[in-house]
Amino acid sequence: MASLYEIEQAILECVDLETGELIDPERLESLFMERNQKIENVVLWIKNLQSDALAFKAEKDAFAERERAATKKAEQLKAWLAQALGGQKFSTGRCAVSFRRSEQVEILDENSIPQDMMIQKVSFSPDKVEIKKLLKAGQEVGGCRLVENFNAQIK
């Protein structure tokens, strides 16, 4: 089967470019049918890939939920184990548990913390909605331009 590019070239060969006259109308019709079949096959392939992507996302989400549940359960069991052992070591031929001391700050009331103990986090990102409004109104915005896209809608 020919590529879409080859089909397009063959279609051009069926027409006299100087006069616009059809040289081989039967071949032209056949090429259009082949072109349409090629395009239909690509569209169906896209639909299959999109379906696969949705299935993969659903599976990924299911695994992420199972991961969260397993992590949460492991943390609950660790807390139970720490309470049961009271900080004492435990060891068998198949496992060992020991404890180490650590410290962490627990924030009870963030509003009571002095201002000089606070850090400021700032992030900036372009406001594309406002930039689009300005560009559509004919104004220039440095580092931006309005681009028209053609997005295929596959059904």
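The basis for the numbers below is simple: all heavy atoms, side chains too, and nothing from hydrogens, waters or symmetry mates. Numbers here simply count residues along the sequence, with the first being 1.
The environment of CE in Met118 is crowded: more than 12 heavy-atom neighbours from other residues, nucleotides or ligands sit within 6.0 Å.
Looking at Asn36 and Glu40, their side chains never bring a donor and an acceptor atom within 3.5 Å of each other.
For the side chain to side chain donor-acceptor pair (under 3.5 Å) test, no residue two or more places apart in sequence or in another chain qualifies with Asp52. For Arg68, the side chain to side chain contact (heavy atoms under 4.5 Å, CB included) partners are Ala64, Glu65, not counting sequence neighbours.
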Report, one line per pair, each donor and acceptor closer than 3.5 Å where one atom sits in a side chain of residues 141-149; sequence neighbours left out.
none

Output side-chain donor-acceptor pairs under 3.5 Å for residues 72-98, partner residues at least two apart or in another chain, one line each.
unit_1 : atom_1 : unit_2 : atom_2 : d
Thr92  : OG1    : Arg94  : N      : 3.2
Thr92  : OG1    : Cys95  : N      : 3.2

For residues 3-32, please give each side-chain donor-acceptor pair under 3.5 Å, one per line with the distance, not counting sequence neighbours.
unit_1 : atom_1 : unit_2 : atom_2 : d
Ser3   : OG     : Glu6   : N      : 3.1
Glu6   : OE1    : Ser3   : N      : 2.8
Glu8   : OE2    : Arg35  : NE     : 2.6
Asp16  : OD1    : Glu18  : N      : 3.0
Asp16  : OD2    : Thr19  : OG1    : 3.4
Thr19  : OG1    : Glu21  : N      : 3.2
Asp24  : OD1    : Arg27  : N      : 3.3

For residues 120-139, run the donor-acceptor check on the side chains, cut-off 3.5 Å, and write out each pair with its distance to 0.1 Å, sequence neighbours left out.
unit_1 : atom_1 : unit_2 : atom_2 : d
Asp127 : OD1    : Val129 : N      : 3.4
Asp127 : OD1    : Glu130 : N      : 3.3
Glu130 : OE2    : Lys133 : NZ     : 3.4

Show every donor-acceptor pair shorter than 3.5 Å between a side-chain atom in residues 103-116 and any protein atom, with sequence neighbours excluded, or say none if there are none.
unit_1 : atom_1 : unit_2 : atom_2 : d
Asp109 : OD1    : Asn111 : N      : 3.2
Asp109 : OD2    : Ser112 : OG     : 2.7

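Judged purely by atom type and a 3.5 angstrom limit, Ser51 has no side-chain atom pairing as donor or acceptor with the backbone of Lys47.
Clustering of Ile, Leu, Val, Met, Phe, Trp and Tyr by side-chain heavy atoms under 4.5 Å joins Phe56 with none of the others.
Note: Thr71 OG1 to Glu67 CD = 5.0 Å, rounded to the nearest 0.5 Å.
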